[in-house]
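Scroll down for the structure; my scribbles are underneath it.
Positions are given from 1, in the same order as the sequence printed here.
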Amino acid sequence: MIKQEIREFIGYFAKDNIRKVGMLLGLSFVSLVVIISLAVFVENMERGDINRHAKLDSLQSLLVVRSDIERELNKSLFQLGALAAYISTNPDIKDEGFNVFIHNLLQQKSHIISIGAAPDMVVSYVYPYEENKSVLGLDYRKTEGQRELAFLAKDTGQLVIAGPLMSVQGKNVLIVRAPVYLTEDRNGRPAGSFWGLVSGLIDARELFETIGVKNRDYDIAIRGRDAKGYGGDVFYGNPDLFIDATEMLSIPIPGGSWQIAAIPKFKYYTESREIALIRLISLFLCLSVITFAVFRLRYLKEREGERRKLEVALRDAEKANRAKSEFLANMSHELRTPLNAIIGFSDLISSVAENVDSKYKVGEYAVDINQSGHHLLAIINGILDLSKVESGNFTTSVEPVYIQDTAEQTLRMMRNSIAKAELDVINNIPDDLPPVLSDERMVKQIFLNLLSNALKFTPEGGRITLSAEVGKDGKVKVILVDTGVGMSEEDLEIALQPFGQTDSYLVRRQQGTGLGLPLVKAFVELLDGEFFIESQVGVGTEITMIFPGA
């Protein structure tokens, strides 16, 4: 049966359909090449995205580890710095005073397990005493392995970290040394003179356990023993991680740096669901092309058979046509009466249908109605808020408000609009800004209105900057600067009036109610604040708000 079909196909091809078949096969081959090429291209792009995500995830994990290490390490460094500061003002400290100070100092939890002080580079004070009394009298100037880092701390005037290394007590420790300089003349030595060194032993194992490095989703390795960074030995984790790591990061520490590397504990899927879907779609398209070609070939074969049948049918139809003409001649009167009735009713239906709007406009009208409804709601809300403020019926809930948090929340809410506008938004509000006495909801509305205006009237590629500072009177000054179209003095007067909109083309082309700036000014003044605005056409606008401190 199959051989018979093949012979029929070959016979069919050998006739007058070779050109059509050749075009069909050529088009099918080109389509398959295009589909496979596109699939390979898209798959490579997807693999690139996977690699970028892997690098980004690794970098995020490393940033967290670095932050945790710096935080935990700084706890101990701050305590050692406090001891250096104390000795610089009390260079004649005695054993009892030293022990009392260190005991109180270590009440604050850190990773320091012992502390020593070495006036003139000779260890004379240790804490705790019993575990460390064997190092009393150690002269850093004469001790190999101690001298280099001791003089490095003295010469640079900075803290220096050595290790991790194994201590006499059998613990893996970091040794931190800090130089001490006199703050005033003492015993014939002028202020600024070198007193000696203070040193501390930090439990490295406890430090990394506190950070929880082993519990993370990534295998972590750290190198840079003795703060030597890239050239230092690996002292935590598998050294091979620095060969296979997707990302590496430096950790600045006193006297140098460490380097950390990470790879995920789970293997990134080289064949993601997206890649599988791409391959499935490309396979489906290839099979579709092949199926189309096969069915088309069969269709061409069948059409040739149909052509012959049509020739026979045409002759029969000519006979039937002659019979039809005779029939119509005889039946014309009988047919005309019902046809007239059909035409009349169809004309009536057509006249009714012409009065019905096109269904393709319904979706467009629905969008216009929805947008108009939202715009109207914004106008009504603005009118109601402004009306409440002006009538004195707007209630406030005054409490300490952190401007930096409110600004950050507002920027997150507007991140899509910022990205769509393609603007550079810079938040320079310091994290340690003290709270203001205000209404958080109103402050958030102020930021929303100001940022919305800045986004609308700042051209693509422009910049919006938020900053804040505390004045001498304790009030907090918040400044918003944009590089937008700006306004003249006359335009400013109009813009600060309710429903006021200037005649500038650059401004009027933007949809708005004209309530944004008046509402912000009313809110700030209602909160016992001050509002200032400066603007220059073609340069931008600067808005300053002063809020009372908490």
Note to self: Go through it in stages, so that I can follow the logic: the residues are F523 and V443, the test is side chain to side chain contact (heavy atoms under 4.5 Å, CB included), and I'd like the CA-CA distance, side-chain angles, deciding distance and then a yes or no.
What the structure shows: CA-CA 8 Å; F523 278 171; V443 172; over 6 Å; no

Notebook entry, point to check: Yes or no on side chain to side chain contact (heavy atoms under 4.5 Å, CB included) for L73 and I161, after CA distance, side-chain angles and deciding distance?
Noted result: CA-CA 11 Å; L73 191 57; I161 289 184; 4.0 Å; yes

Checklist line | Electrostatic pair E525-K521, nearest N-O below 4.0 angstrom | finding: yes

Next item on the list: Assess whether atom CZ of R205 is packed by more than 12 heavy atoms of other residues, nucleotides or ligands within 6.0 Å.
Entry: no

Item checked: L83 CG to I115 CD1 distance, which is reported to the nearest 0.5 Å -> 6.0 Å

Notebook entry, point to check: Is there side-chain contact between L517 and I543, with heavy atoms separated by less than 4.5 Å?
Noted result: yes

Check: Which distance, rounded to the nearest 0.5 Å, do you find between the OG of S282 and the CD1 of I35?
Finding: 8.0 Å

Item checked: Which residues share a ring pair (Phe, Tyr, Trp, His ring centres under 6.0 Å) with Y402, sequence neighbours left out -> none

Check: Does any non-hydrogen side-chain atom of L411 lie less than 4.5 Å from one of L451?
Finding: yes

Check: Which heavy-atom pair separates L466 from L480 by the least distance, and what is that distance?
Finding: CD2-CD1, 3.8 Å

Check: For the atom pair CE (M545) and CG (L450), what is the distance rounded to the nearest 0.5 Å?
Finding: 5.0 Å

Next item on the list: Please list, chain by chain and in numerical order, all residues satisfying side chain to side chain donor-acceptor pair (under 3.5 Å) with Q259, sequence neighbours excluded.
Entry: R223

Item checked: Heavy-atom side-chain contact between I93 and Y86 under 4.5 Å -> yes

Margin query: Can you give me the closest heavy-atom contact between A84 and V198, atom names plus distance?
Written below: CB-CG2, 3.9 Å

Checklist line | Interatomic spacing from CH2 in W258 to CZ in R225 - rounded to 0.5 Å | finding: 10.5 Å

Next item on the list: With sequence neighbours excluded, tell me which residues meet ring pair (Phe, Tyr, Trp, His ring centres under 6.0 Å) with F531.
Entry: none

Note to self: Rounded at 0.5 Å granularity, tell me how far CD in E534 sits from CG in L492.
What the structure shows: 9.5 Å

Item checked: Heavy-atom pair of closest approach, residues A153 and P179 -> O-CG, 3.4 Å

Check: Do side-chain atoms of D226 reach the backbone of A162 as a donor and acceptor pair under 3.5 angstrom?
Finding: no

Margin query: So does V64 get a backbone contact from the side chain of S67, meaning a donor-acceptor N/O pair under 3.5 Å?
Written below: no

Notebook entry, point to check: When you measure from the side chain of T458 to the backbone N and O of L455, does any donor-acceptor pair fall under 3.5 Å?
Noted result: no

Item checked: Donor-acceptor pair, side chain of W195 and main chain of I87, under 3.5 angstrom -> no

Margin query: Is it the case that atom CD in E148 sees more than 12 heavy atoms from other parts of the structure closer than 6.0 Å?
Written below: no

Next item on the list: Mark yes when over 12 heavy atoms from residues, nucleotides or ligands other than E489 sit less than 6.0 Å from its CD; otherwise mark no.
Entry: no

Check: How far apart are the C-alpha atoms of I112 and V176, what are their side-chain angles, what is the distance that settles it, and do they pass the side chain to side chain contact (heavy atoms under 4.5 Å, CB included) test?
Finding: CA-CA 10 Å; I112 292 180; V176 185; over 6 Å; no

Checklist line | Close side-chain approach of E70 to P252, heavy-atom, < 4.5 Å | finding: yes

Check: Can you tell me if Q409 and D405 form a side-chain donor-acceptor pair at under 3.5 Å?
Finding: no

Check: Hey, mind stepping through N90 and F101 against side chain to side chain contact (heavy atoms under 4.5 Å, CB included) and telling me if it holds?
Finding: CA-CA 11 Å; N90 299 276; F101 181 83; over 6 Å; no

Next item on the list: Go through the structure and list residues passing ring pair (Phe, Tyr, Trp, His ring centres under 6.0 Å) with F194, not counting sequence neighbours.
Entry: Y181

Margin query: Counting C-beta onward and ignoring hydrogens, is there a side-chain heavy-atom pair between I426 and I464 closer than 4.5 Å?
Written below: no

Next item on the list: Locate the shortest heavy-atom distance separating A191 from D185; write the atom from each residue and the value.
Entry: N-OD1, 2.6 Å

Next item on the list: Could you tell me which residues satisfy ring pair (Phe, Tyr, Trp, His ring centres under 6.0 Å) with Y230, sequence neighbours excluded, listed by chain and number?
Entry: none

Item checked: Heavy atoms from other residues, nucleotides or ligands near CZ of R463 exceed 12 (cutoff 6.0 Å) -> no

Check: Side chains of S110 and Q79: is there a donor and an acceptor less than 3.5 Å apart?
Finding: yes

Check: Has K75 got more than 12 heavy atoms of other residues, nucleotides or ligands less than 6.0 Å from its NZ?
Finding: yes

Notebook entry, point to check: Between E399 and P435, is any pair of side-chain heavy atoms under 4.5 Å apart?
Noted result: no

Check: Which residue pairs pass the side chain to side chain donor-acceptor pair (under 3.5 Å) test with at least one member in residues 411-430, sequence neighbours excluded?
Finding: E408-N427

Notebook entry, point to check: Quick one: CG on L433 to CD1 on I403, what's the gap to the nearest 0.5 Å?
Noted result: 7.0 Å

Next item on the list: State, to 0.1 Å, how close G540 and S535 come at their nearest heavy-atom pair, and which atoms those are.
Entry: O-OG, 3.2 Å

Note to self: Do N44 and F41 have side chains that approach each other closer than 4.5 Å (heavy atoms only, starting at C-beta)?
What the structure shows: no

Next item on the list: Measure the shortest side-chain to side-chain distance between F547 and L437 over non-hydrogen atoms and say whether it is less than 4.5 angstrom.
Entry: no

Next item on the list: Indicate whether any N or O donor in one side chain lies under 3.5 Å from an N or O acceptor in the other, for S488 and D491.
Entry: yes

Item checked: Within 6.0 Å of CG in D431, more than 12 heavy atoms from elsewhere -> no

Notebook entry, point to check: At their closest point, which heavy atom of I546 faces which heavy atom of F532, and how far apart are they?
Noted result: CD1-CE1, 4.0 Å

